[in-house]
Amino acid sequence: MQNLFALALLMAVMLVDATSVLPGPLRLAATFSRISDELDHMSLGNCNLANANLPLNDTKVKLPNPSSNMNLKYIVLGRGTQNYSCPSSSSSHNSRKTSKPTATGAVATLFDASCIASKSLTLLHEMPVFIGRTPLGSLALLAELLTHTTNSSDLVIGEHYFNAAGDPFFSLTLSGSNAWMVSKKDASVTAPKRVSHIAGDNGDEDVAWLKLSSTDGHDIKEVYRVMTFEGSPPSTCAGQNDTILVDYAAEYWFYG
């Protein structure tokens, strides 16, 4: 429990430090030095997932269960942007005022969350909010520092983006495996109402939870996007750029 507390403290300090007046490198150095002793010898990656249960019952409408022949392979935290487009800025003002942004894909860095999941699903489910409010560059640097300070494998294990055909693509090859997947959406449900203590944050901006299945790939056949944090577009294109990038975070559960 001491190690879990240290990890929770680390993420909480990251959230507070994200608004600090200190420059980014100094902020991270101060954060890291305060609690690095607590994290010494703690494993943060490549843990057993035998007791992890996918949180499908958290939504009013339930996503389909994983196929009966599937085993849980990876749990990762994704941090990146949901991407949207609007009519060209040369279009009429009225056209942009009534147009809604069109989804064009997403880009995310994938962080190994297996050890958090194996020790505390409650803590895991709190992580998208923490990392969603932390700049991606800070997260990547912190993951690198933690990899070298703890007895962990690399915590940045993959990437997610949409390929040239517009299909969701996941690669987990940075984990040392050959796991990758081109996917299609099988099901989507509205994200559950999220409780927040931050003014103006009511959870209504969280993108949907999804189940996707493989159309091509290796080692992974199905993936769930759950516990989403933000990522939804503005309601209209009025006053927006032609391309809109909206920060988001989520858990991704991979089966194969």
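All residue numbers refer to positions in the sequence shown, counting from 1.
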Would you please test Ser213 and Lys221 for side-chain contact (heavy atoms from CB on, under 4.5 Å) and show each step? CA-CA 6 Å; Ser213 62; Lys221 300 292 185 183; over 6 Å; no
Could you walk me through whether Val129 and Arg194 pass the side-chain contact (heavy atoms from CB on, under 4.5 Å) test, one step at a time? CA-CA 10 Å; Val129 175; Arg194 175 169 49 81; 3.9 Å; yes
Between Thr173 and Asn178, does the side-chain contact (heavy atoms from CB on, under 4.5 Å) criterion hold? Intermediate values first, please. CA-CA 5 Å; Thr173 54; Asn178 190 29; 4.2 Å; yes
Show the numbers, then the answer: is there a side-chain hydrogen bond (donor to acceptor under 3.5 Å, both in side chains) between Ser67 and Asn69? CA-CA 6 Å; Ser67 300; Asn69 60 335; 4.6 Å; no
side-chain contact (heavy atoms from CB on, under 4.5 Å) between Val223 and Arg225, worked out: CA-CA 7 Å; Val223 60; Arg225 184 181 77 185; over 6 Å; no
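Leu124 has its side chain within reach of Leu77: a pair of non-hydrogen atoms, C-beta onward, lies under 4.5 Å apart. Within the 4.5 Å cutoff, side-chain heavy atoms of Pro168 are placed close to those of His160.
Hydrophobic clustering places Leu72 together with Phe111 (ILVMFWY residues linked when any side-chain heavy atoms are closer than 4.5 Å, directly or through intermediates). Under the 4.5 Å side-chain heavy-atom criterion for ILVMFWY residues, no single connected hydrophobic cluster contains both Trp180 and Tyr74. Following chains of ILVMFWY side-chain contacts shorter than 4.5 Å, one cannot reach Leu110 starting from Tyr161, and the two form parts of different hydrophobic clusters. In the hydrophobic clustering of ILVMFWY residues, with side-chain heavy atoms under 4.5 Å counting as a link, Phe169 and Leu212 come out apart. A single hydrophobic cluster is not seen to contain both Tyr84 and Val107; linkage of ILVMFWY side chains at heavy-atom distances under 4.5 Å, directly or through other members, places them apart.
The salt bridge (charged side-chain N to carboxylate O under 4.0 Å, His left out) contacts involving residues 52-71 comprise nothing, where partners must be two or more places apart or lie in separate chains.
We find the NE2-CG distance between His218 and Asp216 to be 11.0 Å, quoted to the nearest 0.5 Å. Put simply, CG on Leu155 and OG on Ser175 are 12.0 Å apart, with the number rounded to the nearest 0.5 Å. Once rounded to the nearest 0.5 Å, the distance linking CD1 of Ile116 with OG1 of Thr122 reads 12.5 Å. Atoms CE and CZ, on Met127 and Phe229 in that order, are 13.0 Å from each other to the nearest 0.5 Å. Atoms CG and CE, from Asp167 and Met181 in turn, are 10.5 Å apart once rounded to the nearest 0.5 Å. Between the CD1 atom in Ile75 and the SG atom in Cys47 there is a gap of 10.5 Å [rounded to 0.5 Å].
Of all the heavy atoms in Asp242 and Pro87, the pair that sits closest is OD1-O, 3.4 Å. The minimum heavy-atom distance linking Ala50 with Asn48 is given by the pair N-OD1, 2.7 Å. Cys86 and Gln240 make their closest contact through SG-CB, 4.3 Å (heavy atoms, listed as atom of the first residue, atom of the second, distance). Across all their heavy atoms, Ser232 and Val207 have their closest contact at N-CG1, 3.6 Å. The two residues Lys100 and Cys237 have their closest heavy-atom pair at C-SG, 3.8 Å. Looking at every heavy atom in both residues, Ser183 comes nearest to Phe170 through OG-CE1, 3.7 Å.
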With a cut-off of 3.5 Å and sequence neighbours excluded, list every side-chain donor-acceptor pair involving residues 244-256.
from   : atom 1 : to     : atom 2 : distance (Å)
Tyr248 : OH     : Tyr252 : OH     : 2.7
Glu251 : OE1    : His125 : ND1    : 3.4
Glu251 : OE1    : Trp253 : NE1    : 2.9
Glu251 : OE2    : His125 : ND1    : 2.7

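Using a distance-only test at 3.5 Å, with no hydrogens or angles considered, no donor-acceptor pair links the side chain of Thr228 to the main chain of Trp209. Side-chain atoms of Ser171 never come within 3.5 Å of backbone atoms of Glu159 as a donor-acceptor pair (strictly under, hydrogens ignored).
With 3.5 Å as the limit, one finds a donor-acceptor pair spanning the side chains of Asp112 and Ser114.
Heavy-atom neighbours of Asn163 CG from other residues, nucleotides or ligands within 6.0 Å: above the threshold of 12.
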